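A quick write-up on the structure given underneath.
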Amino acid sequence: MNYEDDIPEEAYEAIFGTEIEEITEEEYPMPQIVTDWIEEGTKFSYYNEFPIMMLYFVSLGQILKDFIRIPVGANTLDTRVHFAWFQTARTGKTAAWKFMKKVLNGTFGRLNGDTQPVGIQEFMTGRELDVFGTLAYTDASLVGTIRRNPLWKEQDAQQAEEDGEEYAVEEFRHIKGGLEGNGIAHFDEFEHSGIFNPTKTKQEILAYFQTFMNGLDSESYKITKRLADFEYEMVCDCRRSMYATSYVPKAFVEIVATTGVLQRAFMFIREVDDETRRAIADMYIDNIGIKTETMMDTDAFERSFEIIFQRVFGRWEREGRNPHNVMTIPTEVSDVIRQYYKWMKNDSEGLRDEVKGIAESFIQNLLNYSTILSVLIAVSNQRFTVSVNDAHCAGRIIRHSYSALTEWLNKTLRVQRQSALQTARPDVFVQAYHEATKDNEGLVNRTEIVKKAMELGRLSRAQAYRNISKVEGDLFEDPVKIGQSTYLRLKEEHI
């Protein structure tokens with residue numbers, strides 16, 4: 001019997017009966033706490049509802065990361081959400097962080113404090129949550145360094161060894177970097193991180209980001225480094241969630257296409273249009289000289305996070321501290337996630353090849369985040385079983401992220417392509433085609449076109465071949481091989 005035949009009609013309709021593009025928030029609403037979070041956050045960061053929402057899941061995913069594991073066959077996901085937000089400068093990213101940071105500082109203070117039940121206090125000892133932020137992207141600031149201990153004396157160490165005693169002073173001191181520990185790693189001005197300009201000295205930093213976003217169920221998330229001056233391997237135990245913001249750097253497309261580091265994060269990219277920027281400016285101007293009565297009251301969110309933490313901690317303890325048993329994910333949830341996967345694949349079919357290749361490199365990780373977000377939404381709804389509603393809410397988030405990515409890639413690569421075409425001087429190759437000898441079908445030997453272009457454009461042989469490779473696909477129909485030679489025919493719109 002087909003598994004789908006056993007699904008009740010109402011559930012079947014929810015899973016398979018609606019086009020993904022037609023799924024709405026009214027049909028599948030977000031948890032009330034998420035709606036409240038967006039409403040409060042957008043008082044300070046205008047027109048940024050989607051990224052503000054993601055900051056909620058970054059925060060929640062971090063505080064629950066030790067208590068929930070999501071099995072995916074032989075693999076396991078933890079609940080951390082690493083969020084990279086690329087958007088036009090001066091459009092509210094900093095204001096969003098001020099809101100989030102205040103919530104985090106209050107929440108972490110509660111969870112680290114001595115007002116928690118004894119079991120939580122004992123668990124949090126050595127696992128204290130904090131916020132790390134830096135503008136200095138160096139080895140030492142991120143993963144730490146090694147220094148020789150000035151209190152260590154070689155003579156005393158030798159004497160202790162001869163006496164059969166342990167010398168209590170360590171020879172080296174590990175000065176920990178900011179990534180060490182638990183909490184949020186906030187990277188403002190992420191364009192300066194070295195990821196987008198990976199010189200030799202920055203290559204290791206690129207590897208650091210790739211490493212600490214690995215899952216927490218193995219040691220692969222730990223950053224190890226051996227310093228050349230010391231026979232000592234340093235380990236940075238980073239269990240943080242990343243939150244990075246930046247305008248869109250020039251090298252963005254190249255880094256996305258070649259490194260894979262941003263594919264590990266949940267990415268949102270947006271060039272804010274002029275109309276929205278004018279609206280932001282108008283709201284700012286309207287408020288000049290006016291004191292709005294809001295003190296960024298975050299107590300309700302801090303208390304909500306504390307309650308969720310305590311509830312999940314209690315469930316984890318009742319399940320014998322086995323994080324794999326905390327959440328239940330029914331088969332119909334997987335079916336909903338599959339629908340969004342199919343939507344992404346179908347949406348990719350209409351993209352140009354260069355856009356499709358980059359966009360589809362994000363799909364697998366978006367599937368991971370679809371699963372993680374479904375779990376976090378269920379927990380926010382005070383449930384330990386993920387529902388179809390939760391999966392659709394997560395799916396809408398994934399859909400929005402993927403649509404924003406493909407829209408930006410389409411626009412950006414089209415502009416880059418047009419710019420490259422102009423520098424390649426396509427008019428020279430059109431003229432060369434018209435002056436070259438054609439057969440009855442309008443075909444011209446490619447080599448002859450290149451030679452004509454060299455004459456007309458005063459190009460070297462290397463320049464001419466380099467330029468024709470850039471314009472060939474836009475100016476000419478598919479090449480025709482006759483013997484060992486290649487022949488080209490100008491597209492009708494260029495004749």
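Computed from a predicted structure; not experimentally measured.
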Walk me through whether S374 and D390 qualify under side chain to side chain donor-acceptor pair (under 3.5 Å).
CA-CA 5 Å; S374 296; D390 304 326; over 6 Å; no
Any luck finding a side-chain donor-acceptor pair between Y341 and S370 under 3.5 Å?
no
Restricting to side-chain contact (heavy atoms from CB on, under 4.5 Å), what partner residues turn up for S220, sequence neighbours left out?
N214, S218
Mind telling me whether F83 and W85 have parallel, tilted or perpendicular rings, with 30° and 60° as the class edges?
parallel
Check this for me, if you would: do E180 and R240 make a salt bridge, where the nitrogen-to-carboxylate-oxygen distance has to be below 4.0 angstrom?
no
Charged N to carboxylate O below 4.0 Å: is that the case for E472 and R446?
yes
Show your reasoning for whether ring-ring contact (aromatic ring centres under 6.0 Å, His included) applies to Y137 and F187.
CA-CA 9 Å; Y137 295 93; F187 300 107; 5.8 Å; yes
Q87 versus K93: any side-chain heavy-atom pair under 4.5 Å?
yes
Angle between ring planes, W408 versus F252, binned at 30° and 60°: parallel, tilted or perpendicular?
perpendicular
Check whether the side chains of Y221 and D237 place a donor and an acceptor atom closer than 3.5 Å, and report yes or no.
yes
Hydrogens and angles aside, do Q463 and N467 bring a side-chain donor and acceptor to less than 3.5 Å of each other?
no
Should the pair K438 and Y433 be classed as cation-pi, given the thresholds of under 6.0 Å to the six-membered ring centre and 45° from the axis?
yes
Would you call R338-D335 a salt bridge at under 4.0 Å N-O?
yes
W37 and F301 aromatic ring geometry - parallel, tilted or perpendicular at 30°/60° bounds
perpendicular
Do Y56 and S380 have a side chain donor and acceptor closer than 3.5 Å?
yes
Assess whether a salt bridge exists between R278 and E275, defined as any Lys/Arg side-chain N lying under 4.0 Å from an Asp/Glu carboxylate O.
no
Going by salt bridge (Lys or Arg N to Asp or Glu O under 4.0 Å), name the residues that satisfy it together with K225, two or more places apart in sequence or in a different chain.
D139, E204
